[in-house]
Structure formats: C-alpha cells, structure tokens
2 protein chains.
Amino acid sequence: METGQRLRRAAVSLFARHGYAAVSMRQIAAETGVQVGALYNHTTDKQSLLFDLLSDHMDDLMAALDQVVLPADPVLALEAFTRFHLRYHAERPDAVFIAYMELRNLTPENFMQVESQRRAYEARLEEILRRGKAGGVMHVADVKLACLAIIALLTGVTTWFRPAGRLSQAEVEDIYWDMTRRLVDA
Amino acid sequence: METGQRLRRAAVSLFARHGYAAVSMRQIAAETGVQVGALYNHTTDKQSLLFDLLSDHMDDLMAALDQVVLPADPVLALEAFTRFHLRYHAERPDAVFIAYMELRNLTPENFMQVESQRRAYEARLEEILRRGKAGGVMHVADVKLACLAIIALLTGVTTWFRPAGRLSQAEVEDIYWDMTRRLVDA
DNA sequence: ACATTAACTGAACAGACGTTCAGAGCAAGA
DNA sequence: TCTTGCTCTGAACGTCTGTTCAGTTAATGT
C-alpha cells in the first residue's frame with residue numbers, strides 16, 4: 001500500500017485511540033512503517049493532516065448520503081436517514097470518533113470549514129423533520145432540537161457498539177430506528 | 001480563594017477548552033496565578049489531577065442524584081431523572097465535557113475506576129426503565145440500549161446549550177423531557 | 001524573640017516535541 | 001549510460017514538556 005494511505009490510516013487509528021494532541025509524529029511514523037521525516041512528503045504538517053482527515057470524512061459522508069434516495073414521505077425518509085447514518089458510522093468508528101472529538105484541535109479557520117460541512121449534513125435531517133412537521137405526520141416541538149437530539153442519539157452508538165457484542169448491527173439498527181420513530185411520532 | 005481550588009478550576013476550564021494532552025502545567029499555573037512548581041504542592045502529578053477531577057465529578061453527580069427522591073411510578077421517576085440530569089449538567093458544562101472526553105487519557109486503573117462510577121450512575125436509569133417495562137407502563141425494546149440512547153440524547157445538550165441562546169433552560173428541559181417520554185411511551 | 005511549617009519562586013533537569021534538510025537509494029525517461 | 005525526480009533515512013534544530021528542588025517569604029505557635 002502506498003505510504004500516503006498508510007499514513008492516513010495510522011493517523012486515524014492513533015488519533016481515535018489517544019487523541020490528536022497526545023499522538024506524536026514519531027508514533028504515526030512508526031505505525032506507518034517509516035521514519036519521521038518521510039511523513040512530510042505526504043502532509044505539510046500535523047495540523048493539516050488532522051484537517052484533511054476531518055474534512056475528507058465529512059465530504060465522504062455527504063457524498064454517501066447523496067447516493068441515498070430519500071423517499072418523499074417524511075417518515076420513510078427519516079427511516080432511510082436513520083439507517084444510513086447508523087450503517088455508515090458503524091463502518092468507520094474511528095473516523096467518526098475523531099470527527100466529533102478533535103474539532104477543538106483545529107485552527108479557527110479549519111474549524112469553521114469542517115463545522116459548516118457538519119451543518120450541511122444536519123440540514124438534511126432538519127429538512128426531513130420540517131417536512132414531517134408541516135405535513136402533520138410527525139410531532140416535532142422544535143425542529144432544531146429534535147435534529148440535535150437525533151444526531152446525538154444515533155452517533156452515541158459508535159462509542160459502545162462492537163460487532164462481536166450482544167446485538168448484531170441489524171438488531172441495533174432496528175431498535176434505534178424504533179426509538180427514533182417514537183421520538184417524533186405524531 | 002485558596003490555591004488548590006483555583007488550580008482545579010483552571011484545570012477544568014483549560015482541559016474542557018483544549019483537551020488534557022494539549023494543556024501544559026505551565027498554562028495551568030498561569031491561569032491559577034502561580035509558578036509551575038507551586039502546583040505540585042496541591043497535586044502529585046498531571047495524571048492524578050485529571051483523575052481527581054473526573055472521579056470527584058462522578059462522586060458529586062452520584063451524591064446529587066441520591067438527594068433526588070425518585071417517585072415510585074416509573075414514568076414520574078424517569079421525568080425526575082431526566083430533569084435532574086439536564087439541570088445538573090447544564091450547571092457545569094466544562095466538568096461534564098471533560099468527564100466524557102478525557103476518559104481515554106486516564107491510565108488503565110484510573111479509567112476502570114471512573115468507568116465503574118459512570119456505570120453506577122447509568123444503573124439508576126436502567127433500573128427505572130426496567131421497572132417501567134416490567135410494569136407495562138413503558139415500551140422498551142432493550143433496556144441497555146434505551147439507557148445508552150437516553151444518556152447520549154440528554155448529555156448531547158451540553159455541547160450546544162448556551163444560557164443566552166434561543167431557548168431558556170426551562171424550555172429546553174421541557175422539550176427534552178417530551179422527547180425522552182416519547183422514546184419509551186407504551 | 002525564636003523556631004517551625006507551609007506555600008511559593010526561579011532555575012534547572014532530561015527527554016520529547018514538530019519540523020527541516022543533506023545525502024542515499026532507486027525507478028523512469030533520454 | 002547518464003540524468004532527473006521522488007521518496008526515504010538519519011541526524012539535527014530550537015522549543016516545550018512534566019517534574020524536582022534549593023532557597024525565599026510569610027504566617028503560626030511557643
């Protein structure tokens with residue numbers, strides 16, 4: 001595998017486990033199987049390495065969501081969104097973890113960029129909730145709050161879910177969709 | 001104010017803003033209004049400073065919950081728990097933030113201790129859900145998952161809530177209790 | 001008035017940090 | 001065969017890290 005890719009993989013894994021600030025470029029180099037200096041052929045510095053990981057993650061997430069056809073019916077659209085979110089996040093727990101934990105280690109400009117990508121993603125969910133409320137098929141006291149609540153609810157899964165655990169991914173998905181549905185049931 | 005207390009306050013504030021690993025003892029000293037060496041009159045080292053903050057936070061949280069009289073009726077008990085959780089966490093956003101974010105920076109033994117304190121707290125919620133399910137007054141597909149979902153839902157509030165924001169604390173509390181109730185409505 | 005104690009300063013320690021760079025190694029193109 | 005262009009190593013840079021400690025300061029108890 002090419003060094004640039006190994007570098008990113010190593011960084012994602014180490015950042016997720018110990019945090020951006022706690023991981024040194026030397027550790028990343030060791031995990032990549034290369035000397036420190038060589039890393040700088042593939043990234044300009046540590047900060048932009050983090051930024052690229054987060055920004056690319058948000059791009060990928062958004063692109064993947066765009067591939068999902070959301071039904072016109074708001075409740076069905078919410079189900080599609082919920083299942084997509086759970087599935088996508090379950091497949092890359094490390095990247096997700098970093099994307100939510102390491103925002104504060106970005107420089108202000110980099111933070112603003114990633115933050116706006118995150119808001120664009122949440123806007124998709126908000127739109128579904130808004131339509132569900134307007135159509136009277138959902139009970140949503142406050143669209144913004146419901147959106148944040150659902151995101152927090154769903155994303156929390158990544159902190160404890162293990163494929164070898166008590167419940168399979170499909171079971172978790174079903175139970176979480178059930179809870180999400182109830183949250184906004186008319 | 002006594003130095004030991006100023007030290008803890010400074011550490012909580014700085015750890016919440018930048019993360020444990022990103023904050024140096026010199027920064028903490030500056031914020032405390034003292035030279036670096038003086039910190040070591042009040043803590044043995046950086047790691048136990050973090051551990052004490054987290055462990056004491058969990059102790060305080062548990063002690064505060066113990067003061068709340070939880071009604072016998074599971075739904076009323078859930079409401080009491082929900083409102084308590086939201087209120088307690090809204091009052092100390094920094095400490096809460098650290099307690100959830102800096103767990104991975106604890107040594108294994110310290111982590112296990114804090115983790116068990118956290119589980120003890122969650123066990124209170126689980127017990128309420130179990131009783132609600134057994135009594136048929138709640139719909140709970142999986143007690144453990146519902147517990148984790150509710151905790152994630154409620155704790156997520158601290159990441160965005162600002163007293164000067166669009167909604168007052170009481171309004172947020174009401175809306176979140178409404179969503180929590182719906183989540184487990186029979 | 002003196003002794004004791006605790007808290008603080010300021011400097012020092014060894015090691016780790018992010019980053020740079022001269023030179024080695026090697027593959028591709030002329 | 002020689003040159004060009006990457007990618008790598010290995011060492012070095014200045015700075016910052018957590019922690020220690022001799023010595024100053026000030027308050028307390030006798």
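All heavy atoms count here, side chains included; hydrogens, waters and symmetry mates do not. The sequence lines fix the lettering, A, B, ..., with proteins before strands; numbering per chain opens at 1.
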Practice item. Would you mind checking if B:R166 and A:D142 are paired as a salt bridge, meaning a charged N to carboxylate O distance below 4.0 Å? Key: yes
Exercise for review: Measure the distance from CD on A:Q5 to C1' on D:dT7 and round it to the nearest whole Å.
Suggested key: 17 Å
Practice item. Would you please indicate if the ring centroids of A:Y100 and A:H57 are separated by under 6.0 Å? Key: no
Review point. Near DNA chain D, which residues from residues 16-24 of chain A have a heavy atom under 4.0 Å away?
Key: none
Point to revise | Rounded distance in Å - CD (A:E2) to C1' (D:dT7) | key: 12 Å
Practice item. Write down the distance between CG (A:L39) and P (D:dG10), rounded to a whole number of angstrom. Key: 14 Å
Review point. Tell me: CE of A:M25 to C1' of C:dA16, nearest whole Å?
Key: 14 Å
**Study point:** Interatomic distance where CZ belongs to A:R26 and C1' belongs to C:dT19 [whole Å]
**Key:** 9 Å
Practice item. Tell me whether the OP1 or OP2 atom of D:dC6 has a side-chain N or O from A:H42 closer than 4.0 Å. Key: no
Review point. Just how far, in rounded Å, is P of D:dG18 from OH of B:Y40?
Key: 6 Å
Point to revise | N-O pairing of A:D94 and A:R17 below 4.0 Å | key: no
Review point. More 5' along DNA chain C: B:N41 or A:G37, using each one's nearest nucleotide?
Key: B:N41
Check your understanding: Contact class for B:V36 (heavy atom, under 4.0 Å): base, sugar-phosphate, or nothing?
Key -> base
**Study point:** Side chain of B:T3 (C-beta onward), nearest among D:dT9, C:dC17, C:dA7
**Key:** C:dA7
Check your understanding: How are the rings of A:Y20 and A:F15 set relative to one another: parallel (under 30°), tilted (30 to 60°) or perpendicular (over 60°)?
Key -> perpendicular
Practice item. Measure the distance from CG on B:L7 to P on C:dA7 and round it to the nearest whole Å. Key: 13 Å
**Study point:** Aromatic contact, B:Y88 with B:F81 (centres under 6.0 Å)
**Key:** no
Point to revise | Shortest non-hydrogen separation from A:D185 to B:R182 and the atoms involved | key: O-NH1, 2.6 Å
Exercise for review: Using whole Å, report how far CD of A:Q35 lies from P of C:dG25.
Suggested key: 15 Å
Exercise for review: Kindly check if the number of other-residue, nucleotide or ligand heavy atoms within 6.0 Å of CE (A:M112) is above 12?
Suggested key: no
